[in-house]
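Structure, as structure tokens:
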Amino acid sequence: MKRLHLLLAFALLMTSVVSVWAKETRPNLLFIMSDDHSYNALSCYGSKINKTPNLDRIAKEGIKFNNCLVTNSICGPCRAVILTGKYSHQNGFVRNGNTFNGEQLTYPKLLQKAGYQTAVFGKWHLKSDPTGFDDWEVLVGQGPYYNPPMKSAAGTKKYTGYTTEVITDITMKWLKEGRDPDKPFLLVYQHKAPHRNWQPGPDYLDHYDDVTIPEPATLFDDYQYRASPARNQAMEIATHMNANDLKLNPPRNLTPEQKAKWDAAYGPKNKAFKAMNLEGKALVRWKYQRYIKDYLRCIDAVDDNVGIVLDYLDESGLAENTLVVYTSDQSFYLGEHGWFDKRWMYEESLRTPCIIRWPGHIKPGSTNDEMISNLDFAETFLDIAGVDVPKEMQGASFKDMLNGKTIDNWRKSFYYHYYEFPGAHSVARHYGVRTERYKLISYYELDEWELFDLKKDPMEMKSVYGSDGYRKVQADMEKELVRLREYYKDDGSIEDFGIKPPMKKKRGKK
Ligand SMILES: [Ca+2]
């Protein structure tokens with residue numbers, strides 16, 4: 001009898017050990033994404049223009065990826081790629097304005113099925129409602145910077161406050177009150193900032209007032225040695241920013257108190273600007289300063305708010321078993337090539353920040369130069385949670401890279417395809433391939449090409465397409481492009497997605 005008791009006690013003990021063990025081996029996933037945050041505006045990526053101490057904590061305590069590439073550098077499509085692990089032509093969301101088909105397989109659905117509690121708060125921007133999430137509350141469309149209506153399963157609720165802070169408050173409330181402590185969680189926490197038109201919060205209006213932000217080397221690019229699309233876009237700081245972008249008008253949806261603060265900050269600055277009567281390069285320089293300061297003010301709020309969430313993870317003890325990712329849907333031009341916005345396969349919008357912290361698994365302060373992609377996020381998160389990766393997903397798990405391992409047969413070339421033309425900012429459709437050293441771009445509706453030697457010309461100022469010295473490289477890259485298009489099953493049939501057939505060789509003159 002005594003022996004039976006002992007056996008029972010032992011069995012009970014083992015059951016509790018096993019259940020604790022089972023809980024601990026499945027980490028929580030906190031996926032933090034901002035919108036249009038350039039890696040050139042993160043101090044952990046060597047920013048010359050700002051400091052991001054809270055975001056830097058993730059890199060300092062984790063790993064920084066220097067070559068995280070997006071497949072189609074535009075907001076909604078990047079979000080769809082992340083959810084599905086598939087290229088745009090496979091998930092059906094090729095350009096902003098499409099509607100995401102939430103019936104399809106996504107990584108949150110698979111994690112939910114595997115017993116994860118799933119939630120998304122903040123920017124969503126896929127038109128259809130979130131699927132695969134137990135809890136969700138998201139901005140309607142782009143959402144405003146101030147006083148946002150937020151949509152959830154219960155309906156739409158209007159909040160008063162600065163959107164970056166509203167999203168954080170909702171996220172924190174869920175962490176404190178909405179979380180099921182018996183389940184691991186996937187928490188997707190997504191900011192609207194620093195998307196255009198870069199409206200700073202009430203406590204950030206005077207940041208950078210007393211400094212001059214350094215200009216990028218290519219602010220006055222004349223696009224002389226590239227194909228015609230670089231000259232024919234509509235995203236130049238010099239000519240395509242409007243009065244709202246430049247804050248010559250105040251936002252229209254402020255409360256009286258917010259408006260008073262805004263006017264106190266921008267009224268005197270705008271009066272001084274008008275008195276200066278700037279023109280030519282001096283005017284471009286002023287526009288750059290106005291733009292970049294507002295952009296950085298928005299990031300300052302993101303940095304502070306991410307800090308609040310990281311602090312809570314520390315205080316609650318959750319940090320230890322939570323993998324934290326910080327990324328942006330894509331990167332952004334901060335005056336490089338004279339531009340704002342994204343879209344191009346050029347480096348500034350092809351690469352996006354990606355820093356990951358996972359205590360006990362990632363060596364603090366590590367870096368990785370492999371070409372990973374937003375195409376790989378779904379596969380990696382599933383792998384980390386111990387869930388099988390469906391064959392239909394097109395990326396690969398980079399989980400082993402987190403602890404410093406090299407993955408055999410990792411991609412040595414990366415395929416890119418941008419579709420949104422005609423459209424905002426008039427960037428021609430293009431696809432291309434990038435290797436560690438070279439980049440080939442085809443503006444396929446125009447029969448124009450570019451080839452860059454990234455080692456000799458990292459700023460991509462001069463295409464060497466057709467140059468004698470690059471014949472072999474060019475032929476190899478063209479062959480690789482064909483191979484990748486076949487491999488990823490991109491046969492160009494975008495009409496299936498409700499997109500108008502491409503306009504042939506019709507370009508507006510600037
Ligand atoms: Ca974006």
Side-chain angles (χ1 to χ4, degrees), residues 31-42 45 52 55 68-84 87-88 91 93-100 120-127 130 138-145 148 163-164 167 188-199 233-235 240-241 245 291-292 294-299 301-303 305-306 325-337 339-355 373-375 377 416-421 423-427:
F31 181 77
I32 312 173
M33 189 158 80
S34 54
D35 193 329
D36 294 359
H37 189 175
S38 167
Y39 54 87
N40 282 325
L42 271 152
Y45 279 94
T52 47
L55 297 170
C68 182
L69 312 180
V70 300
T71 65
N72 176 9
S73 186
I74 178 83
C75 311
C78 285
R79 291 165 196 275
V81 169
I82 290 169
L83 287 169
T84 60
Y87 272 90
S88 304
N91 68 44
F93 199 107
V94 303
R95 58 177 291 166
N96 285 340
N98 286 157
T99 301
F100 183 67
V120 58
F121 303 115
K123 182 112 178 216
W124 178 248
H125 198 207
L126 289 167
K127 244 185 213 175
V138 297
L139 292 170
V140 180
Q142 290 282 3
Y145 267 102
T163 299
T164 302
I167 292 169
V188 176
Y189 161 49
Q190 303 192 134
H191 284 290
K192 174 210 170 54
H195 191 277
R196 192 186 185 189
N197 57 12
W198 322 292
Q199 293 173 11
Q233 39 60 41
M235 51 188 275
H240 301 111
M241 280 191 169
D245 292 333
Y291 156 51
I292 200 69
D294 283 338
Y295 181 88
L296 296 179
R297 288 166 184 139
C298 291
I299 288 169
V302 171
D303 188 69
N305 278 270
V306 170
V325 182
Y326 180 82
T327 187
S328 173
D329 58 345
Q330 20 65 216
S331 190
F332 210 66
Y333 291 89
L334 304 181
E336 300 94 346
H337 303 294
W339 294 336
F340 61 101
D341 214 71
K342 51 260 179 178
R343 298 162 196 274
W344 301 92
M345 199 190 163
Y346 301 137
E347 289 295 287
E348 290 85 353
S349 44
L350 176 66
R351 287 167 51 193
T352 200
C354 177
I355 47 183
S373 170
N374 60 353
L375 186 70
F377 286 168
Y416 182 89
H417 194 163
Y418 171 80
Y419 299 82
E420 196 175 305
F421 184 89
H425 300 295
S426 285
V427 173

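Keep in mind that what you see is a predicted model, and the values were worked out from it rather than measured. All ligand and atom numbering here is 1-based and tracks the order in the structure. Scope of the values below: all heavy atoms of this structure, side chains included, with no hydrogens, waters or symmetry mates. We count residues from 1, following the sequence as given.
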Aromatic ring pairing Y419/H417, orientation class (parallel under 30°, perpendicular over 60°, tilted between): parallel

Step-by-step ring pair (Phe, Tyr, Trp, His ring centres under 6.0 Å) determination, W198 to Y291: CA-CA 8 Å; W198 322 292; Y291 156 51; 4.6 Å; yes

Got a sec, which residues hit side-chain hydrogen bond (donor to acceptor under 3.5 Å, both in side chains) with E336, two or more places apart in sequence or on another chain? N40

I'd like to check the salt bridge (Lys or Arg N to Asp or Glu O under 4.0 Å) partners of E420; sequence neighbours left out, ordered by chain and number. R343

Leaving waters out, which protein N, O or S atoms fall under 3.0 Å from the Ca ion (ligand 1)? D35 OD1, D36 OD1, C75 SG, D329 OD1, D329 OD2, Q330 OE1

Please find out if less than 6.0 Å separates the ring center of H195 from that of Y145. no

Atom pairs and distances, donor-acceptor, side-chain atoms in residues 75-82, under 3.5 Å, two or more places apart:
{"residue": "R79", "atom": "NH2", "partner": "D35", "partner atom": "OD2", "Å": "3.1"}

